[in-house]
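This report refers to the structure that appears directly beneath it.
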Amino acid sequence: MGKPEFIGKKSKAAGGWGALRSCGKKLLASGAPLSGAVAMLKANQPDGFDCPGCAWGDPEHGSSFEFCENGVKAVAWEATDKRVGPDFFARHTVSQLRTWTDYELEQQGRLTHPLRYDASKDTYVKATWDEAFAEIGGILKGLDSPDRAEFYTSGRASNEAAYLYQLFVRLYGTNNFPDCSNMCHEASGIALEAAVGIGKGTVTLEDFEKADAIFVIGQNPGTNHPRMLGDLRRAALRGARVAVFNPVREKGLERFADPQDKLEMLTGGSTAIASEYYQVNVGGDMAAIRGMAKAVFAADDAALSEGRPSVLDHGFLRQHTSGLAEYRAAVEATSWELIEHQSGLSRSQLEHLAQIYIESDRTICTWAMGVTQHRHSVATIREIASFMFLRGNVGRPGTGLCPVRGHSNVQGDRTVGINEKPPAAFLDALEKELGVAMPRRHGHNVLAAIGAMLDGTAQAFIGLGGNFARATPDSALIAKAMRRQKLTVNIATKLNHSHLLPGEVSYVLPCLGRTEIDRNAKGVAQIVTVEDSMSMVHGSGGINKPASPELRSEVGIIAGIAAATVGSEVVDWPSLAQNYDGIRDLIARTIPGFHGYNERVRRPRGFRLYNAVDHRVWNTATQRATFSSDALPRATEHQQALGEQGLFVLQTFRSHDQYNTTVYGLDDRYRGIYGERRVVFVNPDDLAEIGASAGDRVDIIGRHDDGHERIAESFRVVPYDLPRGSVAGYYPELNVLVPLSTAGELSDTPTSKSVLVSFRPALQRDAA
Ligand SMILES: Nc1nc2c(c(=O)[nH]1)N[C@H]1C(S)=C(S)[C@@H](COP(=O)(O)OP(=O)(O)OC[C@H]3O[C@@H](n4cnc5c(=O)[nH]c(N)nc54)[C@H](O)[C@@H]3O)O[C@H]1N2
Ligand SMILES: Nc1nc2c(c(=O)[nH]1)N[C@H]1C(S)=C(S)[C@@H](COP(=O)(O)OP(=O)(O)OC[C@H]3O[C@@H](n4cnc5c(=O)[nH]c(N)nc54)[C@H](O)[C@@H]3O)O[C@H]1N2
Ligand SMILES: [Mo]
C-alpha cells in the first residue's frame with residue numbers, strides 16, 4: 001500500500017518560494033487580490049495598520065516592510081470580497097449551519113448587517129442598530145445582578161475598544177471579564193508578576209540583535225510568529241546559538257529561507273535556525289530547565305574549587321534577588337533520574353545546553369503555548385525565570401524573558417483593564433476620574449464564566465470578537481451553556497460557530513476590521529492603538545473601504561450598548577465614539593505610562609511602556625527578583641501515558657493554514673499534510689502498538705476520568721517524529737477532548753497541551 005493521499009512532502013525550509021506561492025493563492029482565494037496586496041504593503045508601517053496576525057514586534061525602521069506569509073493571510077481574509085448578508089440567512093437555518101465546518105463558515109466572507117435571531121424561522125434576520133442597542137440594554141438592565149452577565153474579549157480588540165468596554169462593564173457593575181488570554185499566556189503573566197514584578201516580557205527587538213544565546217521553548221514561530229524567524233535568522237547568522245525545546249521537529253525552527261533575501265531566494269538556499277534541537281517530552285520543560293540549572297550550579301562549584309572565575313553572577317544575585325538558597329536546595333534535591341525521565345533528555349544533553357548558557361554573556365528565553373497550556377505552567381515559567389537569574393539575564397541589554405504573545409493586542413487589552421481581578425490602584429483611578437464607585441468583587445475568568453453559564457448563574461454572554469464556543473474546552477458542554485443564556489451577543493467580522501448557538505435573544509453585530517477606514521460622522525478617520533509583545537504601543541489606521549456601509553467600529557458598537565444600558569450621564573459615550581483622542585485622554589489619566597498618549601502614539605514607532613525591569617527595579621513582594629523553589633510535578637501526563645499500555649498524551653496545536661478557530665485552508669505544508677485536518681500525529685512505534693497504519697481512521701477517546709464521555713470521531717493517523725507516548729492534532733477540532741475539569745495551577749488555563757487519550761478503530765466511516 002502506498003502513502004495515503006493527504007500525506008505529502010514537507011517543505012525543505014520555512015518561508016521561501018513556498019511562502020510566496022501560498023500567499024498568491026490565498027490572496028486569490030480570498031477574492032481580494034488587489035486590495036489585499038495593497039493593504040499588505042501598508043501593514044506595520046507608520047501610516048498603515050497594525051498587522052492583525054500576531055503580536056511580534058515591528059522592526060526598528062518602521063518603514064521596512066517585513067514580509068510574512070501568515071500576515072498576508074490574516075489581512076487578505078479580512079479584505080475578502082465575499083459577504084454574508086441577510087439573504088444568506090434566508091437560505092440557511094442556524095441548525096443547518098451548525099453542521100458546517102469552521103472552514104466552510106469561514107469561506108462565506110464578511111458579515112454585513114446587524115442580525116437578530118428569529119426562533120420561529122430558526123435563522124438570523126436583519127435588525128437595526130437602534131433596535132439592537134435598546135433590546136440588549138433592556139435585557140442587561142433587567143438582570144437581577146450585573147454579575148449575571150459575562151463579557152468576553154478576544155485579543156484583537158484595540159486599546160480604545162477594550163478600555164471603553166471595561167469602562168462600560170464596570171459602570172454596569174461587574175468584573176466578569178473572561179478573556180482569551182485566560183486560555184493563552186495567563187500563566188506567563190502570573191509567573192512573571194511574582195518573579196520580576198511585571199506580568200509582561202522584558203525584551204525588545206534590539207535585545208535580539210545582541211543576544212549570544214536564545215532559548216526557544218514550546219512555540220512554533222514558522223507558523224505562528226513568522227516575523228520572529230527574521231530576528232532568529234539574523235541572530236543565527238551572526239553566530240548566536242539558538243537552542244530549541246520542542247517535542248515536534250518544527251520546520252521553521254530548523255531552516256528558514258528569508259523571502260527578503262534575494263540570494264537565498266535565487267539559490268533556493270536557507271539558513272539553519274536552531275543550533276541545538278531537543279525533542280523534550282510534552283510537559284517536560286520544567287524538568288529540563290531544572291537539569292540545566294543543576295549543571296550550572298555544579299559548574300560553579302567546580303570553577304570555584306579550581307580557582308576559576310565564578311559561573312554565577314554573584315553580584316546580581318546578592319544585590320537583586322531573593323530566595324536563591326531555597327532554589328538551590330530544591331534543585332539539588334531533584335534527582336537526575338527524575339529530571340531525565342520527566343524531560344526525556346539525558347543528563348549529558350542537559351549539561352551540554354547548560355554549557356551553552358554558561359558560555360553566553362547575554363541570553364534570552366522565549367516561550368509560548370507549549371509551556372503555558374499545562375497544569376504546571378506557572379511553576380515552569382518561574383523555573384525559566386529562576387534559571388535566567390543565575391547569570392543575571394534580566395534587565396540588561398541582550399537578555400531577558402520573552403513570552404511571545406498570541407493575538408495582536410492581547411497584551412494591550414490587559415494593560416487597559418480587561419482583567420477579572422483588577423488592581424485596586426486602577427479602580428481607585430477610575431473612581432477618581434468618574435466620581436462613582438467601581439465594583440471591587442473579583443469577576444469570572446473563562447473557566448468560571450463557563451461554570452456560571454452552565455449552572456444558570458450567568459444569563460447573558462457578550463463577546464467582543466473571538467469564537468468563545470470553539471476556542472474553549474469541552475465543545476459539547478459549551479454549546480449547552482450558550483443555549484441556556486437569556487441573551488447572547490457577538491461583535492464580529494465573520495460568521496463562526498459561537499454565533500450559531502443563540503440564547504433566547506441573540507444578536508450578531510458586524511464590525512469594521514483593523515484594515516478598514518474608520519471614519520466618524522464628520523468623515524474624520526480615526527486611528528486605534530495596540531501594544532505588541534515588546535510593550536511597544538503604536539497607532540493603527542485602516543486603509544481599505546469597509547466591507548459594508550452598515551458596519552460600525554467596535555468603539556461605536558460598545559458606545560451604543562453602553563449608552564442604552566448605563567446612560568450617558570457619567571461617561572459621554574456618543575462623543576467618545578466620535579473622537580478616539582478622548583478615549584486615549586481617559587486612558588492617559590487612569591493608567592500609568594500613557595502620559596502624552598495622543599502625541600506619542602503618532603510618532604513613527606509609537607512608544608514603549610515603562611518597564612521597571614529595564615532599570616532593575618522589582619515590584620515584587622520582596623522588592624527583588626524572586627526565585628521560586630517549587631518541586632517538579634510528581635508525574636506529568638506524559639509520564640502517566642508511558643506507564644500504561646494504550647494511554648497517550650495529546651497536545652492540540654495549530655496548522656500552518658489557520659488563525660486559531662479561523663481555518664484558511666486544509667493544508668499544513670511544513671508538516672506535509674494536504675487537504676485534511678482531521679488527523680492525529682503518532683510516533684511510528686506507537687502506531688505499531690495500537691495496530692494502525694498511516695491513513696487509518698481512529699476514534700480518539702478522552703481518558704480524563706470525571707464522568708464525562710469524550711470522543712473525537714474518525715481521525716486519520718499520521719506517523720510522525722514525536723516522543724513515544726505523545727500524540728498531536730489540531731485545535732479547534734480536538735477541543736471536544738479537552739476537559740473543562742483540568743486546568744493550570746494558579747493560572748486556570750485549560751490544559752490543551754496535555755490531554756490523556758486512547759484510540760480505537762473508527763466505528764463511524766466517513767461518507768467521503
Ligand atoms: N498564523 C497564525 N499565527 C498565530 C496564531 C494562529 O493560529 N495562526 N495564533 C496566535 C495565538 S492566539 C497564539 S497564543 C500564538 C500561538 O503560538 P504557538 O505557541 O507557537 O502555538 P501552537 O501551535 O499551539 O504551538 C505550540 C508549539 O509548542 C510545542 N509543544 C507542545 N507541547 C509542548 C511541551 O510540553 N513542551 C515544549 N517545549 N513544546 C511543546 C508544539 O509542538 C508546537 O510546536 O500564535 C499566534 N499567532
Ligand atoms: N485546544 C486548544 N484550544 C485553544 C488553544 C489551543 O492551543 N488548543 N489556544 C487558545 C488560545 S492561545 C487562544 S488566544 C484562544 C483564541 O480564542 P478567540 O480569540 O476567541 O478565537 P479566534 O479564533 O481568534 O476568534 C476568531 C473570530 O474573531 C472574529 N474577529 C476577527 N477579527 C475581528 C475584529 O477585528 N473584531 C472583532 N470584533 N471580531 C473579530 C471573527 O468573527 C472570527 O471568527 O483559543 C484557545 N483555545
Ligand atoms: Mo493565544
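Order of listing sets the numbers, starting from 1, for every ligand and every atom in it. Bear in mind that the values here come from a model prediction, so they are computed numbers and not experimental data.
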Val248: numbered ligand 1 atoms lying under 4.0 Å from its heavy atoms: 42 (O)

Run through ligand 2 for me and note each protein residue having a heavy atom under 4.0 Å from it, chain first, then residue number. Tyr152, Ser154, Arg156, Cys180, Met183, Cys184, Met369, Gln373, His407, Gly465, Gly466, Asn467, Ala471, Ile491, Ala492, Thr493, Lys494, Asn496, Cys511, Glu554, Thr652, Arg654, Tyr659, Asn660, Thr661, Thr662, Tyr731, Asn735, Val738, Ser752, Lys753

Taking atom types as modelled, is there a side-chain donor on Glu160 or Thr529 under 3.5 Å from an acceptor on the other? yes

Which of Lys494, Arg514, Arg156 passes salt bridge (charged side-chain N to carboxylate O under 4.0 Å, His left out) with Glu78? Answer is Arg156

Looking at Phe653, does the NZ or CZ of Arg671 lie under 6.0 angstrom from its six-membered ring centre and within 45 degrees of the ring axis? yes

Modelled atom types, side-chain donor and acceptor of Ser498 and Asn467, under 3.5 Å: yes

Compute both the distance and the angle, then confirm whether Arg382 meets the cation-pi test with Phe387: under 6.0 Å from the six-membered ring centre, within 45 degrees of the axis. no

Please report the shortest heavy-atom distance between Gly155 and Asp413, naming the atom on each side. CA-OD2, 3.4 Å

Whether the His704 and Thr742 side chains hold a donor-acceptor pair (N or O, under 3.5 Å, no angle test) is what I'd like checked. no

For ligand 1, which atoms sit closer than 4.0 Å to a heavy atom of His225? 15 (C), 17 (O), 45 (O), 46 (C)

Mode of Asn220 contact toward ligand 1 - side chain, backbone, both, neither (heavy atoms, under 4.0 Å): both

When you measure from the centre of the six-membered ring of Tyr730, is the NZ or CZ of Arg654 under 6.0 Å away and within 45° of the axis? no

Which of the numbered atoms in ligand 1 are below 4.0 angstrom from a heavy atom of Thr223? 1 (N), 2 (C), 3 (N)

Within a distance under 4.0 Å of any heavy atom of His374, pick out the atoms of ligand 1 and give their elements. 34 (C), 35 (O)

Within the 4.0 Å heavy-atom shell around Asn70, which atoms of ligand 1 are there? 1 (N)

